[in-house]
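Beneath this line is the structure, given in structure tokens, with notes to follow.
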Amino acid sequence: MPDLLANLNPEQLAAVTLPDEPALILAGAGSGKTRVLTTRIAWLLQNGRVSPAGVLAVTFTNKAAKEMQARLSALLPINTRGMWIGTFHGLCNRLLRAHYHDAGLPQTFQILDSQDQLSAIKRLLKALNVDDEKYPPKNLQYFINNAKEQGLRSGQVEANDAFNRKFVELYAAYEAQCLREGVVDFAELLLRCYELLQHNEPLRVHYQARFRHILVDEFQDTNRLQYAWLKLLAGQHNAIFAVGDDDQSIYAFRGANVGNMADFEREFHVRHLIKLEQNYRSHGNILDAANALIAHNAHRLGKNLRTDAGHGEPVRVFEAATDLQEANWLIEEIKALINQGAARQDVAVLYRSNAQSRVLEHALVGAGIPYRVYGGLRFFERQEVKHALAYLRLMENPRDDTAFARVVNFPARGIGARSLEQLADAARLYNCAMFEAVPYMTGKAGTNLGAFVKLIEQMRAETRQSTLPETVEYVIQGSGLNAHYQTEREGQDRLENLQELVHAAAAFVSEEGYGLDAPARMLAVRSRAQALPGTDGEAGGTVVDADTPIEMTPLAGFLSHASLEAGDNQAEAGQDAVQLMTVHAAKGLEFAAVFVTGLEEGLFPHENSAMEQDGLEEERRLMYVAITRAKERLYLSFTQSRMLHGQTRYNVRSRFFEELPEGVLKWLTPRVAAGSRWTGNDSAWGRNWFGKPQAPAQPEAWAATPGDVALAQRSRAAEAGFRVGQGVFHTKFGEGIIVGLEGSGADARAQVKFGRHGTKWLALSVAKLQAID
């Protein structure tokens, strides 16, 4: 038999060899918790303290369950397939399949996933003639699942007003429908299994006698019902071996209750609380930052991570003037890391809000760096963004049947699949687009389709003289998308992405040199065609050469831009690519280099945290998770101003910076007084917006890396005598004011606001701007 205890540190050894009684293991980030869990099971089996059939191991993902089984197979020469190792839902399904009759279920009951459940709720509302605008299906879905996760049936839910009473009534009707059809949703799996054990004493006693050892991974993520289910199985005598980290509890919005850890310690009279504090992932400066930050949380069980890997490199901090400058700095640092031999897949860019990814993706596409959005879709591929773009495509080209089919009934307008089939038949019969075939439709379908056509034509008319950002904003509101997502439980992210689409439109107009006041849909599209002489006796004519640029309307150009970015630079499976993700999605992962972006008050910590009980503590735990993803290098960045959710925000840097030890930080940009708002000072050029010189703050000493040198080169645009706020003259556009500077050498650019020509980005090596007083 292998020596299972070899190479365990003292804390891990103590946890693995605990006596047969309840225990709580506080497993810090990177402390080897999976190794402790699997070694604990193997040690129990090897020493005959339990048989394979007497072990119940609970994980939160199927991936974790498979990894645990694989590690056990490597540790011991036994077949682990018969062991009860799985997720809460998987284990409950296994119990219900074995005791379906006692649970009041048909033998062949089916499981509804989230989408199937929503479809079932929509059918229910339609059958009961319930107004789905007053009682949105997704809201009802959330209401039902939340009640079940609290262990409440429809008859146990308190309803204190008419609206909630209706939801309770619909919950009861939904229960009856599921029972009639022999189906269960995910929340029902756990609730039905809990009720089975609670009300069937012989069965409960049987499983309590069988599972003498219950091991639970990620205990901090358990909800109220999951903890109650575990207590039923444990009874008075079984040993629960709970492994978790209260400092990484970041899923309160999904129902996770970090208080379960303290409740478990109290209710089970836990004598053994072991802290796994030896970290095998990160260098010392990264851990010192994480420890100092999380120490500001009051409600924690407490631990302090340490490492034998040495201090490593300091945590780099960058302050940018804008989110665009933040993205450009990030690109330069990633290039420097790659040049130093780092694999792209070992570099992660983290952000608090999904909407932040748009600017970062745009910069990565422009730099030709492959990337992958982990656990989500790229910006222009997200459902709500594609819906908004479909409306815009229809306004530009009503014959676009793909766009028509996508949004004709989204948000819902009572236009069903049968009506669309009839419309498609009419379009084929009359050889026209579906939009043009609507007048041939009659009855209720014709009325509803006609209202949709009228909506598109009205939006076209209303935005004829509007700028591109104004048009996008109007469509988001006028189409009903904004109102629709406001009713969704997790619709805030979608609303933020829609507002970011407005910002994307504004950025596109600026980057492509359109005037800021140019209408999104110009009446005439000018073509820079060139007259070419005829050949072989043919008459000359106006021919558009392949190299001749064609001017498009701002809207048409933006739609092309969106399509190209959606299909560009996304890494293929297995390709070495930079990883982009939200901090929530990063939990459980690790990378050699990690960038945490957007560290500004109101963004990270999120503004919603101020309105929620213990909201700031959860945000701090989220930041702790972000920091502890990094193994070797950690970068933190924030901006003085950011275009987010459709508006420019002038920012205060995150309070988290004041909670980090100064000794581990290396500021790549000059320091500004703590908590100060940006007042127009551009630290890179040492000038204010009005062009008056001021003494720049002195950065702290640091050893320059290639990325740091690239950063310093940005100031060279000022060497040519240009500065933000300076007046300049251009031979074509006339006089203007510089409102932005970026790049260096041949790549230096100036953003200049001209009078009637709007704001334009100009390459300084080409534009030949003349400075004027």
Side-chain angles (χ1 to χ4, degrees), residues 114-116 118-119 121-123 125-126 132-133 136-138 377-463 471-472 474-485 487-488 491 494 497-498 501 504-505 520-521 553 555-556 558-567:
S114 183
Q115 281 302 114
D116 291 335
L118 185 60
S119 297
I121 289 173
K122 288 179 179 178
R123 282 193 294 106
L125 295 180
K126 186 174 182 180
D132 60 5
E133 291 189 2
K138 284 209 170 184
L377 297 171
R378 292 183 299 167
F379 181 78
F380 285 111
E381 293 177 340
R382 293 168 190 163
Q383 179 204 84
E384 61 279 8
V385 173
K386 290 181 74 70
H387 284 333
L389 291 173
Y391 278 105
L392 291 167
R393 284 165 54 186
L394 271 182
M395 290 168 59
E396 181 72 7
N397 174 23
R399 296 180 60 83
D400 187 337
D401 281 354
T402 301
F404 182 93
R406 183 180 187 91
V407 295
V408 65
N409 197 43
F410 194 95
R413 300 182 177 87
I415 302 171
R418 179 59 181 155
S419 297
L420 290 179
E421 288 177 10
Q422 293 173 344
L423 180 64
D425 290 341
R428 283 192 293 271
L429 178 63
Y430 295 103
N431 193 27
C432 63
M434 294 173 73
F435 191 93
E436 298 166 331
V438 168
Y440 299 109
M441 298 292 290
T442 58
K444 182 180 178 182
T447 301
N448 292 341
L449 286 165
F452 175 70
V453 167
K454 185 176 180 181
L455 171 66
I456 298 299
E457 291 175 340
Q458 179 183 343
M459 290 195 297
R460 282 173 56 87
E462 292 289 337
T463 59
T471 298
V472 176
Y474 183 86
V475 166
I476 290 171
Q477 298 292 335
S479 64
L481 290 175
N482 194 72
H484 172 81
Y485 289 120
T487 66
E488 285 196 355
R494 298 193 188 277
N497 285 331
L498 288 175
L501 186 63
R521 295 186 302 109
T553 67
L555 177 55
F558 179 61
L559 292 172
S560 297
H561 161 79
S563 297
L564 291 172
E565 287 222 348

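Bear in mind the structure is a predicted one, so any value in this text is a computation, not a measurement.
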Side chain to side chain contact (heavy atoms under 4.5 Å, CB included) evaluation trace for Lys122 with Asp132:
CA-CA 8 Å; Lys122 288 179 179 178; Asp132 60 5; over 6 Å; no
Smallest separation among heavy atoms of [X] and [Y], with atom names:
{"X": "Val385", "Y": "Leu498", "answer": "N-CD2, 4.4 Å"}
{"X": "Phe379", "Y": "Leu501", "answer": "CZ-N, 3.7 Å"}
{"X": "Ala556", "Y": "Glu396", "answer": "CB-OE2, 3.4 Å"}
{"X": "Leu394", "Y": "Asp400", "answer": "CD2-O, 3.7 Å"}
{"X": "Pro411", "Y": "Gly480", "answer": "CG-O, 3.5 Å"}
{"X": "Phe410", "Y": "His387", "answer": "CE2-CD2, 3.2 Å"}

Where do Met434 and Leu449 land on the side chain to side chain contact (heavy atoms under 4.5 Å, CB included) test, with the steps shown first?
CA-CA 10 Å; Met434 294 173 73; Leu449 286 165; over 6 Å; no
With no hydrogens and no angle check, is any side-chain donor or acceptor of [X] less than 3.5 Å from a backbone partner on [Y]?
{"X": "Asn482", "Y": "Ile476", "answer": "no"}
{"X": "Glu436", "Y": "Ala433", "answer": "yes"}
{"X": "Thr463", "Y": "Met459", "answer": "yes"}
{"X": "Asn409", "Y": "Arg413", "answer": "yes"}

Answer yes if the ring centres of Phe404 and Phe452 are under 6.0 angstrom apart, and no otherwise.
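Between Phe404 and Phe452, the centre distance is under 6.0 Å.
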Between [atom1] of [X] and [atom2] of [Y], what distance do you get to the nearest 0.5 Å?
{"X": "Phe558", "Y": "Thr471", "atom1": "CZ", "atom2": "OG1", "value": "11.0 Å"}
{"X": "Arg406", "Y": "Lys386", "atom1": "CZ", "atom2": "NZ", "value": "5.5 Å"}
{"X": "Tyr391", "Y": "Leu455", "atom1": "OH", "atom2": "CG", "value": "6.5 Å"}

Please examine the side chains of Lys138 and Ile121, heavy atoms only from C-beta on, and report whether any two atoms are closer than 4.5 Å.
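No - every pair of side-chain heavy atoms lies 4.5 Å or more apart.
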Does a side-chain heavy-atom distance below 4.5 Å link Ser419 with Asn448?
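No - every pair of side-chain heavy atoms lies 4.5 Å or more apart.
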The test is side chain to side chain contact (heavy atoms under 4.5 Å, CB included); show your working for Leu429 and Tyr440 and say whether it passes.
CA-CA 10 Å; Leu429 178 63; Tyr440 299 109; over 6 Å; no
Are Tyr485 and Gln383 close enough that a side-chain donor and a side-chain acceptor fall under 3.5 Å?
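Note: Tyr485 and Gln383 side chains meet the donor-acceptor criterion.
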Electrostatic pair Glu457:Arg460 at N-O distance under 4.0 angstrom:
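Not counted as a salt bridge, because no side-chain N and carboxylate O are separated by less than 4.0 Å.
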Surrounding CD of Gln477 (heavy atoms of other residues, nucleotides or ligands, distance under 6.0 Å), is the total greater than 12?
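Yes, enclosed.
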Check the pair Arg393, Thr402 against side chain to side chain contact (heavy atoms under 4.5 Å, CB included), reporting the backbone distance first and the verdict last.
CA-CA 10 Å; Arg393 284 165 54 186; Thr402 301; 3.9 Å; yes
